[in-house]
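First the structure, in the form of structure tokens, and then the observations on it.
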Amino acid sequence: MINSKIKKILSKKNKSKIVCLTAYSKNMAEILDKHCDIILVGDSLGSVLYGMKSTREVSLNMMINHTKSVKQGVKKSLLVVDMPYKTYQNKNQALKNVKKVIQSTKCDAVKLEGGKKIIKIIKHLTKNKIAVMGHLGLLPQTQKGKFRYKGKSVIERKRIYEDSILLSTAGVFSIVLECVESNLSKMITNNIKIPTIGIGSSKYCDGQILVTDDLIGLNTVKLRFVKKYVNLKKIINRSVINFKKDILKKKFPSKKYSF
Ligand code: KIV
């Protein structure tokens, strides 16, 4: 369903950049909502929060529960939810699971990883008025072996470019480009009518997304495309040390904090 939030995202193409971040809980969503156009409940929560080896272990219920929490903190941003691995293997399964996610969380849209291989499924969803965000380039759910940037070979560039055209004609409202080489991202962005959202895919994309926990230094990953804006781990550590000191010195709780 093209709601007003999606129209707003579409209208930003070639006008102003689109700001997106991930959230997994209400408290974080409340902060992000004031500043973001899109909040994504990413299946990255599998590794970031649960220490899973890959996003493949993330279940539909995990996504639903975290989205219910995030939804409580979202007033104005477009709320998008990642469909987990193996929850959209065929048209009927995909529609059934997507409907379950939307009905139980009241999110605005879902994100699915892949191009040509899942195009029939994407078309089925958009025909059924589901707002879908595409995801091309590095696809964590199906990535085999080492993570590296995409668009190195001519064949790979051609495939990603063709996938972007297929997705946009299938009716997705935007496409995440993950770790896609700069000139390829530029070419895709210039040749499709819907916005591209980059993660490690250059300034040429219409918008940018990062995993919030990476950006604030809660998740200690070293990835070339992650800019750490604050080291929250350090700040939290300092606060806990001070709390502990106060307890040991019997400074806390003082009268002010007692009944
Ligand atoms: O799972 C996720 O968080 C994502 C983004 C970072 C694009 O898919």
Side-chain angles (χ1 to χ4, degrees), residues 9 17-25 28-29 32 36-60 62-67 69-70 74 77-88 98 101 105 107-115 118 122 131-143 147-150 160 163-164 167 172-180 185 188-189 194-202 205-229:
I9 300 294
K17 293 281 184 186
I18 301 164
V19 180
C20 321
L21 279 170
T22 60
Y24 311 132
S25 69
M28 185 59 78
L32 305 185
C36 289
D37 299 298
I38 298 176
I39 292 180
L40 170 73
V41 185
D43 60 358
S44 52
L45 63 79
S47 50
V48 176
L49 295 187
Y50 293 87
M52 291 170 172
K53 284 214 179 86
S54 90
T55 56
R56 289 185 194 209
E57 294 171 56
V58 174
S59 69
L60 199 65
M62 284 168 76
M63 295 308 294
I64 288 174
N65 288 335
H66 281 279
T67 307
S69 172
V70 169
V74 176
S77 313
L78 183 85
L79 180 57
V80 184
V81 180
D82 259 341
M83 290 304 291
Y85 183 59
K86 286 201 169 163
T87 61
Y88 50 98
V98 166
V101 169
T105 68
C107 67
D108 300 298
V110 289
K111 176 161 81 62
L112 274 66
E113 291 183 12
I118 59 160
I122 302 249
V132 181
M133 183 182 226
H135 185 147
L136 296 174
L138 195 146
L139 306 176
Q141 289 179 5
T142 45
Q143 169 76 24
F147 278 52
R148 61 162 190 81
Y149 81 87
K150 300 291 169 183
I160 295 171
D163 277 351
S164 74
L167 283 182
V172 305
F173 72 89
S174 73
I175 304 175
V176 166
L177 297 178
E178 182 162 355
C179 296
V180 173
S185 295
I188 293 171
T189 304
I194 51 166
T196 56
I197 309 294
I199 172 161
S201 298
S202 87
C205 294
D206 297 300
Q208 298 294 328
I209 187 163
L210 279 180
V211 169
T212 304
D213 292 54
D214 297 345
L215 165 131
I216 60 176
L218 265 186
N219 191 38
T220 39
V221 282
K222 279 215 171 82
L223 295 167
R224 175 169 164 165
F225 58 84
V226 171
K227 181 172 175 186
K228 202 198 271 185
Y229 285 81

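Atoms within a ligand are numbered from 1 in the order they appear, just like the ligands themselves.
Sparse packing is recorded around NZ of K86, with 12 or fewer heavy atoms of other residues, nucleotides or ligands lying under 6.0 Å away.
Counting only heavy atoms of the protein, atom 6 (C) of ligand 1 lies nearest to I199 CD1, 3.5 Å. The single protein non-hydrogen atom nearest to atom 5 (C) of ligand 1 is L40 CD2, 3.7 Å, given as residue, atom name and distance.
The shortest N or O to N or O distance between T22 and ligand 1 is not below 3.5 Å. Where the criterion is an N or O separation shorter than 3.5 Å, residue side chain and backbone included, K111 meets it with respect to ligand 1. Between D43 and ligand 1, at least one pair of N/O atoms sits closer than 3.5 Å.
With a heavy-atom cut-off of 4.0 Å, L210 does not touch ligand 1 at all.
R148 CZ to L138 CG: the interatomic distance, rounded to the nearest 0.5 Å, is 9.0 Å. To the nearest 0.5 Å, the span separating CG on D82 from SG on C107 amounts to 11.0 Å. Distance check, rounded to the nearest 0.5 Å: CD1 of I38 to CD1 of I18 gives 6.0 Å. Here the OG1-CD1 distance, from T67 to I39, works out to 11.5 Å after rounding to the nearest 0.5 Å.
T189 and T196 share a side-chain donor-acceptor pair at under 3.5 Å. Side-chain polar atoms of Y24 and S44 form a donor-acceptor pair below 3.5 angstrom.
Considering each of S44, S47, G46, the one bringing a non-hydrogen atom nearest atom 1 (O) of ligand 1 is S44.
Heavy-atom distances between E113 and ligand 1 stay at or above 4.0 Å for every pair.
For ligand 1, the atoms lying closer than 4.0 Å to a non-hydrogen atom of G42 are 1 (O), 2 (C), 3 (O). Listed by number with element, the atoms of ligand 1 under 4.0 angstrom from any heavy atom of V211 are 3 (O), 6 (C).
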